[in-house]
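Positions are given from 1, in the same order as the sequence printed here. Every heavy atom of this structure was used, including side-chain atoms; hydrogens, water molecules and symmetry mates were not.
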Amino acid sequence: MASVSTTPASRNASKMASSSAGAAGSSSGSGSGSGGGNVASSLSGTGATSSLTGTLNKKKKPFLGMPAPLGYVPGLGRGATGFTTRSDIGPARDANDPVDDRHAPPGKRTVGDQMKKNQADDDDEDLNDTNYDEFNGYAGSLFSSGPYEKDDEEADAIYAALDKRMDERRKERREQREKEEIEKYRMERPKIQQQFSDLKRKLAEVTEEEWLSIPEVGDARNKRQRNPRYEKLTPVPDSFFAKHLQTGENHTSVDPRQGQFGGLNTPFSGGLNTPYPGAMTPGLMTPGTGELDMRKIGQARNTLMDMRLSQVSDSVSGQTVVDPKGYLTDLNSMIPTHGGDINDIKKARLLLKSVRETNPHHPPAWIASARLEEVTGKLQVARNLIMKGTEMCPKSEDVWLEAARLQPGDTAKAVVAQAVRHLPQSVRIYIRAAELETDIRAKKRVLRKALENVSKSVRLWKAAVELEEPEDARIMLSRAVECCPTSVELWLALARLETYENARRVLNKARENIPTDRHIWITAAKLEEANGNTQMVEKIIDRAITSLRANGVEINREQWIQDAEECDKAGSVATCQAVIRAVIGIGIEEEDCKHTWMEDAESCIAHGALECARAIYAHALQVFPSKKSVWLRAAYFEKSHGTRESLEALLQRAVAHCPKAEVLWLMGAKSKWLAGDVPAARSILALAFQANPNSEEIWLAAVKLESENNEYERARRLLAKARSSAPTARVFMKSVKLEWVLGNISAAQELCVEALKHYEDFPKLWMMKGQIEEQSQCMDKAREAYNQGLKKCPHSIPLWLLLSRLEEKAGQLTRARAILEKSRLKNPQNPELWLESVRLEYRAGLKNISNTLMAKALQECPNSGILWAEAIFLESRPQRKTKSVDALKKCEHDPHVLLAVAKLFWSERKITKAREWFLRTVKIEPDLGDAWALFYKFEIQHGTEEQQEEVKRRCENAEPRHGELWCAESKHIHNWQKKIGEILVLVAAKIKNTF
């Protein structure tokens with residue numbers, strides 16, 4: 001029996017075998033009994049069994065009854081393709097949805113007890129070989145079923161800490177890498193918004209006419225969707241009613257006889273008799289004609305509305321309750337002003353009601369409830385609630401104040417009076433009572449009554465004193481300081497109202513009562529200064545520092561400096577300077593003194609306390625008398641904020657302490673020269689020569705002084721001495737320029753040749769030589785001078801520009817272009833050379849080439865302000881604003897870009913904005929002469945004379961030295977003696993509004 005298979009095929013085969021065996025037994029026949037024994041013996045025989053099993057196993061396929069392997073697709077070998085059905089995929093559920101298979105057969109459920117059992121079984125480790133990896137081991141934890149003890153917890157914490165530490169070490173690198181990847185991704189795949197940003201900016205330039213001319217988008221829907229058949233309602237004209245009245249229909253006409261018998265009989269059986277005496281309403285039907293008058297219906301409606309309004313328009317007090325004219329607009333006042341939901345308000349109301357009922361003696365609950373009702377517009381409910389709150393919390397100051405706020409005028413006074421009876425010591429209630437009074441006498445009466453009950457309140461005393469006249473205020477303050485001896489404000493107020501002697505006594509008493517307050521001492525010093533005792537000011541401040549330290553008060557340096565600034569603004573200069581001298585060195589290390597004091601001085605200047613800054617500089621100069629930087633700062637301060645006399649006095653002291661500081665000598669000489677005192681300037685420079693022999697700066701200053709005052713021979717002699725004693729390149733250059741501007745061309749050329757023998761690498765000498773030859777119309781010599789200069793100074797940009805312009809002037813455009821290309825190779829990434837190349841093509845009329853060059857220039861010099869400024873005006877007018885935005889992104893604080901934006905607004909006639917940008921430009925770079933010239937030209941066209949003079953004055957103070965247009969005029973030989981203001985006018989006159 002062991003050979004019998006359990007598969008269906010084997011079971012069928014065994015049946016067939018047994019039936020054949022029975023047939024054989026019966027045919028061979030002995031008896032029925034012997035026949036049965038033969039069948040049994042044949043089945044149990046080994047030979048027959050083995051032969052039968054072998055026959056069956058040959059016919060049986062090995063895969064029958066076995067599950068299909070994973071990924072098996074029937075018929076794939078013969079080219080069939082697999083397909084899936086809904087039953088293969090499963091129900092259309094989210095992966096996270098719980099499976100509801102409560103009706104599944106037992107053992108298959110995933111809910112209830114069976115699910116718990118399955119979860120418990122799943123907790124067992126899966127130690128199968130398929131779950132094992134050579135590197136990671138088993139997929140799950142080998143010890144997940146073991147107990148989790150304290151040691152395990154500590155180990156996990158240590159590992160977690162290590163992981164966190166390693167993650168922090170890599171965090172910065174990882175974040176940097178992610179940031180770079182995101183930026184790279186954004187650059188490769190920009191958002192649609194970024195791609196169309198320039199087009200969106202252009203939308204601002206679309207005019208209203210252009211916008212309206214844009215065609216409407218067509219409707220792609222079909223006809224039925226485009227034209228739905230809505231119910232059409234047409235107003236019926238009066239003629240329609242008149243026509244039907246004349247037809248005599250029963251439902252539109254009235255029998256005159258029915259109106260006589262006091263009732264209306266309907267045409268239906270069992271009709272309804274109206275209780276009214278008649279059916280003919282006067283005004284609805286015109287008597288005699290039987291027509292419906294619609295105009296009278298409208299008049300009747302208006303009359304009815306007027307009657308209703310007049311009924312509610314008057315109240316008992318005579319005030320209008322409803323405005324007949326604006327009753328509809330007044331409905332806006334009924335809209336709740338709160339922004340919350342009604343349900344939220346209901347919840348809040350219930351919550352606050354619960355709080356009030358739970359703890360009725362809790363003041364904030366009553367206040368919050370009243371304010372909730374006030375916000376929702378129920379003012380009377382709020383008043384009722386807060387008054388109930390005053391009954392429940394009669395000792396709460398806040399509840400009484402809230403009740404006084406919510407109640408109207410007279411009622412509020414009654415509420416406050418009631419509050420005073422419950423809280424006679426409350427200062428806030430007395431102040432509120434005084435505020436409710438409109439008459440000054442009533443206010444005084446309330447406050448005096450309050451002071452009788454609360455005599456030690458500083459707030460009440462201050463409020464009462466403010467209402468009194470000076471004499472009465474002084475009497476009240478004398479009483480106030482007795483009641484409140486620790487109030488500094490009351491003592492100081494009393495001192496201000498007293499005479500000098502009495503004020504001194506008051507302040508002495510104040511110091512005795514309050515020995516720890518600095519304001520009393522400072523007020524005493526100001527009092528002495530105001531009465532002419534300036535020698536006492538220093539002593540009082542020194543005593544103040546000593547006394548306060550003795551009483552344990554820490555001297556706060558910043559607070560004292562603030563007090564000094566306040567004294568300065570109040571006009572107490574001596575007190576201000578004494579305070580600065582007393583506290584300036586407190587709490588500062590010796591090595592930090594200079595730096596800290598300079599910062600303090602700048603802070604005082606920024607706050608407008610000039611005397612404080614002057615005192616700080618004076619103290620710093622006493623401590624550091626040989627520091628040139630401190631003297632320079634003090635000199636610049638006096639130049640900007642002081643007088644000429646104070647500047648010259650300071651510079652005299654400065655050169656006495658720092659005789660080697662050339663700039664101090666030069667500032668002193670210039671100050672004298674500007675004041676018209678030329679002999680004094682000469683004497684200062686003579687003293688400077690003694691202190692600094694052979695100083696180039698002093699030599700040149702002396703030459704300038706003489707040449708500006710038309711003393712040309714003295715200037716020549718000085719330059720000759722300078723060339724012999726201090727032969728520098730600048731001295732030679734000034735010598736050449738002096739002869740050139742005076743018209744001695746041959747002498748200038750000789751000096752230039754001599755100078756180039758000594759200083760052939762000084763580019764300005766080559767420039768001057770070429771310009772002199774160019775002025776003499778010797779173009780070949782000028783070209784030769786420029787070429788020689790470029791051999792010696794290949795990195796001199798002005799030399800390249802001069803040579804290029806010379807060739808352009810001679811008509812050699814190709815040669816000029818080649819020179820500029822060569823210069824860019826020698827000096828890469830130079831914006832001046834690129835700008836000249838762009839302008840060269842533009843002047844030649846080749847705008848396309850100039851635009852191409854500008855694009856290349858901006859690629860090579862993306863942060864060059866002069867290039868961006870030029871690029872703005874190379875664009876057409878509609879594109880300029882977009883270009884200016886891009887320029888400001890790249891060069892936000894570049895003066896050339898700011899100046900270009902100002903010109904752009906000027907060209908668009910936006911006068912206010914243009915002025916703002918001009919002001920911003922000259923503030924950022926006051927040395928740019930072109931900005932001042934354009935600003936002055938702008939004010940000439942659009943400003944007043946005062947504005948023009950203001951620009952001119954500020955330009956003269958700034959003394960600009962740079963700028964393309966500015967230098968072209970200021971360095972021209974014909975303008976060598978002109979002042980800043982004159983050059984400004986010349987440059988402005990040369991500017992043309994070509995933009």
Side-chain angles (χ1 to χ4, degrees), residues 662 666 685 688-689 692-807 819 823 826-827 832 961-962 967-978:
E662 299 172 356
L666 296 176
L685 289 175
F689 275 125
N692 302 277
N694 300 330
S695 170
E696 176 188 282
E697 293 290 340
I698 296 174
W699 277 112
L700 295 179
V703 169
K704 184 176 182 180
L705 177 66
E706 300 300 341
S707 60
E708 291 285 348
N709 289 282
N710 301 324
E711 297 286 346
Y712 304 128
E713 290 302 322
R714 298 183 69 169
R716 281 196 179 106
R717 288 198 299 270
L718 284 171
L719 282 169
K721 288 182 183 178
R723 289 197 300 273
S724 61
S725 61
T728 63
R730 284 189 67 204
V731 169
F732 273 105
M733 183 190 72
K734 293 293 183 183
S735 302
V736 173
K737 186 173 182 182
L738 180 64
E739 299 297 339
W740 184 13
V741 297
L742 293 177
N744 299 329
I745 302 297
S746 58
Q749 289 174 333
E750 291 174 2
L751 281 171
C752 197
V753 171
E754 183 185 353
L756 286 171
K757 291 178 183 177
H758 298 90
Y759 303 101
E760 61 181 10
D761 58 346
F762 191 64
K764 287 190 177 181
L765 290 172
W766 292 107
M767 289 182 221
M768 294 175 75
K769 182 178 180 183
Q771 286 173 329
I772 291 171
E773 299 293 351
E774 196 173 341
Q775 183 183 345
S776 304
Q777 300 298 321
C778 300
M779 298 300 177
D780 293 335
K781 291 184 179 180
R783 185 181 293 111
E784 183 183 355
Y786 291 145
N787 284 319
Q788 288 179 355
L790 286 172
K791 289 178 184 177
K792 302 294 182 182
C793 314
H795 300 296
S796 173
I797 306 303
L799 266 177
W800 288 107
L801 297 180
L802 284 170
L803 180 57
S804 169
R805 287 168 186 167
L806 178 67
E807 299 295 352
I819 288 169
S823 68
K826 296 269 187 182
N827 305 277
E832 287 85 0
R961 290 284 180 269
H962 296 89
C967 291
E969 292 298 323
S970 64
K971 294 189 176 182
H972 198 281
I973 57 170
H974 299 305
N975 304 328
W976 70 286
Q977 279 188 315
K978 289 191 175 356

Inset, instruction - Evaluate the side chain to side chain donor-acceptor pair (under 3.5 Å) criterion for residues Q771 and W740: first the C-alpha distance (whole Å), next the side-chain angles of each, then the deciding distance (0.1 Å), finally the verdict. - result: CA-CA 10 Å; Q771 286 173 329; W740 184 13; over 6 Å; no

Inset, instruction - To the nearest 0.5 angstrom, please state how far the CG atom of L742 sits from the OH atom of Y712. - result: 6.0 Å

Inset, instruction - Find out whether L756 and K792 are in side-chain contact, i.e. whether some heavy atom of one side chain is under 4.5 Å from a heavy atom of the other. - result: no

Inset, instruction - Answer yes or no: is there a donor N or O on one side and an acceptor on the other, between the side chain of S804 and the main chain of L801, under 3.5 Å? - result: no

Inset, instruction - Hey, could you give me the CG/CG distance between L790 and L803, rounded to the nearest 0.5 Å? - result: 6.0 Å

Inset, instruction - Could you walk me through whether S796 and M767 pass side chain to side chain contact (heavy atoms under 4.5 Å, CB included), step by step? - result: CA-CA 10 Å; S796 173; M767 289 182 221; 3.7 Å; yes

Inset, instruction - State, without any angle test, whether Q749 and E773 hold a side-chain donor-acceptor pair at a distance under 3.5 Å. - result: yes

Legend entry - I973 CD1 to K971 NZ distance, which is reported to the nearest 0.5 Å: 14.5 Å

Inset, instruction - Indicate the atoms forming the closest heavy-atom contact of A722 with V731, along with that distance. - result: CB-CG1, 3.7 Å

Inset, instruction - Quick one: pull up CG in L765 and SG in C752 and give me the separation to the nearest 0.5 Å. - result: 5.5 Å

Legend entry - Residue pair Y759 / M733, side-chain heavy-atom distance below 4.5 Å: no

Inset, instruction - Taking only Lys NZ, Arg NE, NH1 and NH2, and the carboxylate oxygens of Asp or Glu, determine whether R716 and E706 approach each other closer than 4.0 Å. - result: no

Inset, instruction - Could you grab the distance from atom NZ of K781 to atom CD1 of I772, nearest 0.5 Å is fine? - result: 12.5 Å

Inset, instruction - Return the minimal non-hydrogen interatomic distance between C967 and S970, and the atom names on each side. - result: CA-OG, 3.4 Å

Inset, instruction - Starting at CD of E754, measure out to CZ of R723 and round the result to the nearest 0.5 Å. - result: 6.5 Å

Inset, instruction - In plain terms, say whether E760 and K791 are close enough for a salt bridge, that is, a side-chain N and a carboxylate O under 4.0 Å apart. - result: no

Inset, instruction - Search all heavy atoms of W766 against all heavy atoms of C793 and return the closest pair with its distance. - result: CD1-SG, 4.3 Å

Inset, instruction - For residues L751 and E739, report the shortest heavy-atom separation together with the two atoms involved. - result: CD1-CG, 3.7 Å

Inset, instruction - For Y786 and E774, test the side chains for any donor-to-acceptor distance below 3.5 angstrom and give the result as yes or no. - result: yes

Legend entry - Heavy-atom closest pair, residues K769 and Q788: NZ-OE1, 4.3 Å

Legend entry - Full working for side chain to side chain contact (heavy atoms under 4.5 Å, CB included) between M779 and Q777: CA-CA 6 Å; M779 298 300 177; Q777 300 298 321; 3.8 Å; yes

Inset, instruction - Can you see which heavy atom on S707 is nearest to which on L738, and at what distance? - result: CB-CD1, 4.3 Å

